[in-house]
> 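Mind having a look at this structure? Questions to follow.
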Amino acid sequence: MTAQVIPTIQELRGALASIRSAGRTIGLVPTMGALHAGHGRLIETARRETGCVVVSIFVNPIQFDRSDDYERYPRPLSIDVEFCSARGVDFVFAPSAKEMYPDTERAFVEVAGVSEHLCGQFRPGHFRGVATVVLKLLNIVQPDRAYFGEKDAQQLAVIRRMVSDLNVPVAIVEVPTVRDADGLALSSRNQHLSPEERRIAPMLSLALKTARDLISGGETRPAAIKREALRILEEYSEVRVEYLEIVGAEDMQPTGEITGPVRVAGAIWIGKTRLIDNVLCAPGGAHPTQTARG
Ligand code: AMP
């Protein structure tokens with residue numbers, strides 16, 4: 001069945017009102033489009049868990065800190081709609097920027113603490129833009145459940161904190177990162193990589209995996225772990241490391257000695273393309289998913 005594409009808030013609210021009155025639960029998967037198997041995993045999870053799946057496709061201008069990145073972000077809408085249809089999505093909400101921001105935006109959501117480090121430090125205003133658009137989408141769709149990827153772990157932490165602090169009535173569902181066979185986390189930005197850059201790109205996940213192995217092997221000193229992980233990336237002159245950091249799994253604050261679950265997160269540039277990735281780690285061999293949030 002073809003997913004119904006809805007460009008306006010009013011039409012979407014109308015369609016969802018009948019779904020809700022029929023007693024069906026609603027799942028929201030917010031995306032910026034250029035859909036790949038990572039998004040596919042979110043959609044499939046939502047399809048299993050809810051009665052009506054809404055995928056939003058909106059390249060959100062207020063979360064971009066660089067206008068060239070916003071301009072060149074891929075927007076293959078008709079291919080995305082086919083992708084959604086093949087996975088049983090009910091509605092694709094694809095608003096214009098004018099529909100979402102008809103006037104100069106005066107209200108923003110700021111989530112302090114969790115948005116401070118990692119990407120927050122290098123992309124000023126990014127998480128404010130993300131939190132604001134996600135709250136708008138949650139208010140527009142009013143889903144029972146909303147699905148986000150572990151690939152953007154800091155974004156997920158920001159959204160969890162926003163939903164908790166602002167009492168938004170929605171369950172946030174975390175979906176594991178989908179990777180290519182060589183370890184590279186799938187991302188809409190991967191298509192900007194040249195073949196040579198694509199060959200090097202999996203080194204980020206290799207560096208993070210190295211850090212995770214050291215931590216599970218009993219190493220507790222962040223500086224020693226980061227040194228080993230960075231050594232891998234430093235072998236490639238094409239790679240510029242923006243950050244490689246070890247943070248608390250929930251609060252996203254850089255840690256001292258590792259005593260509990262942590263996330264090792266990194267951002268690198270290869271040419272004009274910025275890639276991010278992260279892994280959850282538990283010290284001394286404990287399984288991370290058992291010690292972190294369930
Ligand atoms: P984006 O379109 O990049 O804004 O991503 C939309 C959603 O898909 C976010 O919740 C991302 O975390 C999630 N996502 C992106 N890439 C992946 C991936 N490789 N695996 C799992 N989820 C992903």
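Values below: every heavy atom of this structure, side chains too, minus hydrogens, waters and symmetry copies. Whatever order the structure lists them in is the order used to number ligands and atoms, beginning at 1.
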> Could you identify the single nearest non-hydrogen protein atom to atom 3 (O) of ligand 1 and state the distance to 0.1 Å?
Y73 OH, 3.9 Å

> For ligand 1, is P30 a contact, meaning one of its heavy atoms is under 4.0 Å away?
yes

> Consider every N or O of L186 and every N or O of ligand 1, then say whether any pair is closer than 3.5 Å.
yes

> Any chain of hydrophobic side-chain contacts (each under 4.5 Å) joining M32 to L35?
no

> Examine V178 against ligand 1 and note whether any of their N/O atoms are separated by less than 3.5 Å.
yes

> Give a yes-or-no answer on whether the side chains of Y73 and R75 include a donor-acceptor pair shorter than 3.5 Å.
no

> Looking only at heavy atoms, what is the nearest atom pair of Y147 and L42, with distance?
O-CD2, 3.5 Å

> Report the nearest protein non-hydrogen atom to atom 23 (C) of ligand 1: residue, atom name, distance rounded to 0.1 Å.
K151 CB, 4.0 Å

> What atoms in ligand 1 come closer than 4.0 Å to a heavy atom of T177?
20 (N), 21 (C)

> Which option out of M32, Q63, H36 puts a heavy atom nearest to atom 15 (C) of ligand 1?
H36

> For D69, which of R189, K272, R274 qualifies under side-chain hydrogen bond (donor to acceptor under 3.5 Å, both in side chains)?
R189

> Does the E110 side chain pair with the main chain of A112, one donor and one acceptor, at a distance under 3.5 Å?
no

> Compute the minimum heavy-atom distance from P176 to ligand 1 and say whether it is under 4.0 Å.
yes

> On a heavy-atom basis, I'd like to know which of L156, I276, D152, D277 is closest to atom 14 (N) of ligand 1.
D152

> Using modelled atom types only, decide if a donor and an acceptor are shared between the side chain of S18 and the backbone of A15 within a distance under 3.5 Å.
yes

> So which bit of L42 gets within less than 4.0 Å of ligand 1, heavy atoms only: side chain, backbone, both or neither?
side chain

> Where is the tightest heavy-atom contact between L280 and A249, given as atom of each residue plus distance?
CD1-CB, 3.7 Å

> How close do D152 and N278 get, heavy atom to heavy atom, and via which atoms?
N-ND2, 4.4 Å

> G149 to ligand 1: N or O pair under 3.5 Å?
yes

> Which of the atoms of ligand 1 are close to T31, meaning less than 4.0 Å from one of its heavy atoms?
2 (O), 6 (C)

> Check whether any N or O atom of H39, backbone or side chain, sits under 3.5 Å from an N or O atom of ligand 1, and answer yes or no.
yes

> Over all heavy atoms of both residues, which pair between Q253 and G113 is shortest? Give the atoms and the distance, please.
NE2-O, 3.0 Å

> Looking at F148, which atoms of ligand 1 are within less than 4.0 Å of one of its heavy atoms?
10 (O)

